[in-house]
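Every value quoted in this text rests on a predicted model; they were computed, and no experiment measured them. Throughout, protein chains are lettered first and strands after them, A, B, ... in sequence-line order, and every chain is numbered starting at 1.
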Amino acid sequence: MKQEIKELILTALKRMQENEGFEVDIPSFIIEVPKLEGYGDFATNVAFLLTEKLKQPPRKIAELLVKYLPACDWVEKVEVAGPGFINFFLKPIAWQQIVKEIITKQDDYGKGKKKDIKVMVEFVSANPTGPLHIGHGRGAAVGDSLANVLAFAGYDVTREYYINDVGKQMCTLGHSVYLRYLELLGEKVDFPSDFYKGEYIKDLAREVLEKEGEKYKDMPQDEAISLLARFAGERILADIKADLDNFSVKFDNWFSEKTLVESGAVKTLLAWLKEQNLAYEKDGALWFASSHFGDEKDRVLVKADGTTTYFASDLAYHKDKIERGFNLLVDIWGADHHGYVPRLKAGMQAMGYAPDALKILLIQLVHLKRGGKPVAMSTRAGEFVTLKEVLAEVGKDAARFTFLTRSCDSHLDFDLEVAKQQTMENPVFYVQYAYARVCSIEKMAHERGIFFPPLIQIDLTPLETKEEINLMKMLSQFPEVIEGAARTLEPHRLPYYLTELAGEFHRYYNKHRILGMPPEISQARFALAQAVKVVIKNGLNLLGVSAPEKM
RNA sequence: GGGCGAUUAGCUCAGCAGGAUAGAGCGUUGGCCUCCGGAGCCAAAGGUCAGGGGUUCGAAUCCCCUAUCGCCCUCCA
């Protein structure tokens, strides 16, 4: 609808230029929904943007422009208001068309046109050294829904999980299991404080002992640690996959860092950087000259002990992404990694890629609470509330909706008690309730033997009360919400929209009856309710939240 | 000390690419069940958009400074 208004204005601008002899570039004006009803259904600021060039007051320009607007059968009237806004008032038929469109398109309503952009969304990517905790859950929900939204908006989307399955932390993992294993065999061990202390390590050790006996005790320590690292890593990764599956989080690809190292990609890249004089040796280490590209200092690629850093692999990984043909890379990181943004961007530049092709979303930390009181979460002590535990307690829908109803860069207080409550403090139920209500109306109609013609044949002209117009307006905004959420990489816009839409429907439902009215009114209202159902369903799908027919 | 993020109603948070008189829920107060699901609806009260400068027709929104809070500043991941 917005787009159609825009077309009208563009036409008027052209005609005005021709007839009045103005030679002005067409400014990038906006069409917005005004806050006040009296200002119409849409308003534009185009006149303000022309004042400077035309050297005339905005109001005068607006009045002139209105004269050149083409006639249109769904526009009621156009007014110039205030200092120079142009307000459009639409006829009900304009909105009724939307209902028809939704009913026709169903699952496709809101979809954007295919865009020629291949985007990779990389998210979670937690090291396979321990179970996912609630912070990972937030990243998982945001990444998964953002990928859904981007795909729906017309982007070609791939979702990937990067597995850090080599390096020091895997060795530490193996060693941690090894020590717990020895403990089980009655040996006294000194467990270092920087090892993985969680209870799950003991469980893994116990499992090894039960299945494979005491054989690791007798082999060389290095060999035992290496074998145990592999076992533990695979087992933990399997658990991570299961947790994500329970959270309705899907990946197209699980990318192993190990393959990057074994294929020689990391070595090749390092050699190339040296050749380009972008990397140099100092103090026995190899450094990347990231400070040439805006980072505050240079960064180590190969440590003095000969091992490569996480960062070295990461450069090779991002090079690999680009080489696979992605022209937009979205990385979703915990905010505690923000210090790595400049160096990775520097890496992109050094490798000859546009730094803007990489968008990094930093997700602020989650503070877990219960009844307003903080729940202790210490990773160091190995005591944390896992994602699995949270899901078991509050359920997938509430968890996902809560994670998604915050902008990424705002801290999130996740209160377990609130997430369980079915009140408006927890709007997931409010939205689902609206959906269930429509389903219930259908069921009731069926039970009463009320006949409805095919939705597409229903005459919608009876839809003209204020509540109906508002509801239809809200429905018409869905495609723009999708487009905006995709463009800005802000999936949180969607839950807010759905909450508003649900509110508009509840209001409507409370004031007007759908069933038991004269047939032409009942039918039109029923069609409207079906349109609401479609949009809520499409929205919840993108959020990975279920749309229950009964609650 | 430096960097990033935040600061909007008593609380939790929105505010969509600067637009007209600042938004929602919770909580508070008062209403609505002869009626398709009351997990709902209506109404009232509640604000110096942290503070100060600047940019312009116009700023919660963009720029600078200050304050407070969180996170980061390793040849860790």
Query raised in the report: Stacking between Phe85(A) and the base of A20(B) (centre distance under 5.5 Å, interplanar angle under 30°)?
Result: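 Whether judged by distance or by angle, Phe85(A) passes, so it stacks on the base of A20(B).
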Query raised in the report: Would Tyr39(A) count as stacked on A20(B) if the rule is ring centres under 5.5 Å and plane angle under 30°?
Result: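 Yes, Tyr39(A) stacks on the base of A20(B), since the ring centres sit under 5.5 Å apart and the planes are within 30°.
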Counting neighbours of [atom1] on [X] that are heavy atoms of other residues, nucleotides or ligands and sit closer than 6.0 Å, is the number greater than 12?
{"X": "Lys420(A)", "atom1": "NZ", "answer": "yes"}
{"X": "Lys537(A)", "atom1": "NZ", "answer": "no"}
{"X": "Arg487(A)", "atom1": "CZ", "answer": "yes"}
{"X": "Lys267(A)", "atom1": "NZ", "answer": "no"}

If you check every side-chain atom of [X], which of [options] has the closest atom?
{"X": "His411(A)", "options": "C41(B), G70(B), G37(B)", "value": "G70(B)"}
{"X": "Glu425(A)", "options": "A14(B), C26(B), G15(B)", "value": "C26(B)"}
{"X": "His506(A)", "options": "A20(B), C26(B), C41(B)", "value": "C41(B)"}
{"X": "Leu515(A)", "options": "C36(B), A17(B), C13(B)", "value": "C36(B)"}
{"X": "Phe48(A)", "options": "C13(B), C57(B), A20(B)", "value": "C57(B)"}
{"X": "Met444(A)", "options": "C36(B), U12(B), C75(B)", "value": "C36(B)"}
{"X": "Ser407(A)", "options": "A14(B), G37(B), A17(B)", "value": "A14(B)"}
{"X": "Lys35(A)", "options": "G40(B), G23(B), C57(B)", "value": "G23(B)"}
{"X": "Gln364(A)", "options": "G5(B), A20(B), A17(B)", "value": "G5(B)"}
{"X": "His492(A)", "options": "G5(B), G15(B), G19(B)", "value": "G15(B)"}

Give a yes/no answer on whether the side chain of [X] brings an N or O atom under 4.0 Å of OP1 or OP2 in [N].
{"X": "Arg493(A)", "N": "G15(B)", "answer": "no"}
{"X": "Arg406(A)", "N": "A6(B)", "answer": "no"}
{"X": "Arg487(A)", "N": "A17(B)", "answer": "yes"}
{"X": "Ser410(A)", "N": "A14(B)", "answer": "yes"}
{"X": "Tyr430(A)", "N": "C41(B)", "answer": "yes"}

**Report entry** Syn/anti state of C33(B) by chi, 90° boundary around 0
**Finding:**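 The base of C33(B) is oriented syn (glycosidic angle within 90° of 0).
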Query - Residues Glu504(A) and Lys473(A) bridged, charged N to O under 4.0 Å - result: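 Here Glu504(A) does not pair with Lys473(A) in a salt bridge, since their nearest N and O are not under 4.0 Å apart.
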**Report entry** Sidechain N-carboxylate O distance under 4.0 Å for Glu281(A), Lys274(A)
**Finding:**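 Result for this pair is yes, salt bridge flagged.
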Euclidean distance, atom [atom1] of residue [X] to atom [atom2] of [N] [Å, nearest integer]:
{"X": "Leu404(A)", "N": "A14(B)", "atom1": "CG", "atom2": "C1'", "answer": "15 Å"}
{"X": "Glu32(A)", "N": "G19(B)", "atom1": "CD", "atom2": "C1'", "answer": "6 Å"}
{"X": "Lys533(A)", "N": "C36(B)", "atom1": "NZ", "atom2": "P", "answer": "20 Å"}
{"X": "Phe429(A)", "N": "C26(B)", "atom1": "CZ", "atom2": "P", "answer": "15 Å"}

If you measure from the [atom1] atom in [N] to the same atom in [M], how many Å do you get, rounded?
{"N": "G25(B)", "M": "A43(B)", "atom1": "P", "value": "10 Å"}
{"N": "G23(B)", "M": "G47(B)", "atom1": "C1'", "value": "11 Å"}
{"N": "C71(B)", "M": "C75(B)", "atom1": "C1'", "value": "23 Å"}
{"N": "C72(B)", "M": "C11(B)", "atom1": "C1'", "value": "29 Å"}
{"N": "C62(B)", "M": "G19(B)", "atom1": "C1'", "value": "14 Å"}
{"N": "U21(B)", "M": "A59(B)", "atom1": "C1'", "value": "16 Å"}
{"N": "A60(B)", "M": "U7(B)", "atom1": "C1'", "value": "11 Å"}
{"N": "A45(B)", "M": "G10(B)", "atom1": "P", "value": "15 Å"}

Remember a base hit wins even if backbone is also touched, and classify [X] as base, sugar-phosphate or nothing at under 4.0 Å, heavy atoms.
{"X": "Asp415(A)", "answer": "nothing"}
{"X": "Tyr509(A)", "answer": "base"}
{"X": "Thr423(A)", "answer": "nothing"}
{"X": "Leu286(A)", "answer": "nothing"}
{"X": "Met551(A)", "answer": "base"}
{"X": "Arg448(A)", "answer": "sugar-phosphate"}

Requested in this report: Check step by step if side chain to side chain contact (heavy atoms under 4.5 Å, CB included) holds for Glu425(A) and Val418(A).
Outcome: CA-CA 7 Å; Glu425(A) 251 180 295; Val418(A) 171; 4.1 Å; yes
Query raised in the report: Taking the six-membered ring for Trp, are the ring centroids of Tyr317(A) and Phe255(A) within less than 6.0 Å of each other?
Result: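 That pair passes the under 6.0 Å test.
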Report task. Could you tell me if the ring centre of Phe89(A) sits under 6.0 Å from that of Phe42(A)? Result ->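 No, they do not, as the ring centres are separated by 6.0 Å or more.
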Report task. Identify, between Thr405(A) and Thr307(A), the residue whose nearest nucleotide on RNA chain B lies closer to the 5' end. Result ->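 Between the two, 5'-proximity favours Thr405(A).
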Report task. On RNA chain B, check which nucleotide each of Ala436(A) and Ala81(A) is closest to and give me the residue with the more 5' one. Result ->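 Going by which nucleotide is closer to the 5' end, it is Ala81(A).
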Report task. Verify ring pair (Phe, Tyr, Trp, His ring centres under 6.0 Å) between Tyr497(A) and Phe478(A), making sure each step is shown before the conclusion. Result -> CA-CA 8 Å; Tyr497(A) 167 78; Phe478(A) 184 61; 5.8 Å; yes
Report summary line: Under the rule of Watson-Crick or G-U wobble with both distances under 3.5 Å, where | means paired to another strand and [ ] a crossing pair, RNA chain B maps to (((((((..((((.....[...)))).(((((.......))))).....(((((..]....))))))))))))....
Query raised in the report: Ignoring hydrogens and angles, does a donor from either the side chain of His338(A) or the base of G3(B) sit under 3.5 Å from an acceptor on the other?
Result: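 Side chain to base: pair found, below 3.5 Å.
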Query raised in the report: A17(B) base to Asn45(A) side chain: any donor-acceptor pair below 3.5 Å?
Result: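 Such a pair does not exist between side chain and base.
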**Report entry** Lys6(A) to Phe29(A), cation-pi by 6.0 Å centre distance and 45° axis angle
**Finding:**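 Output yes; distance and angle both within limits.
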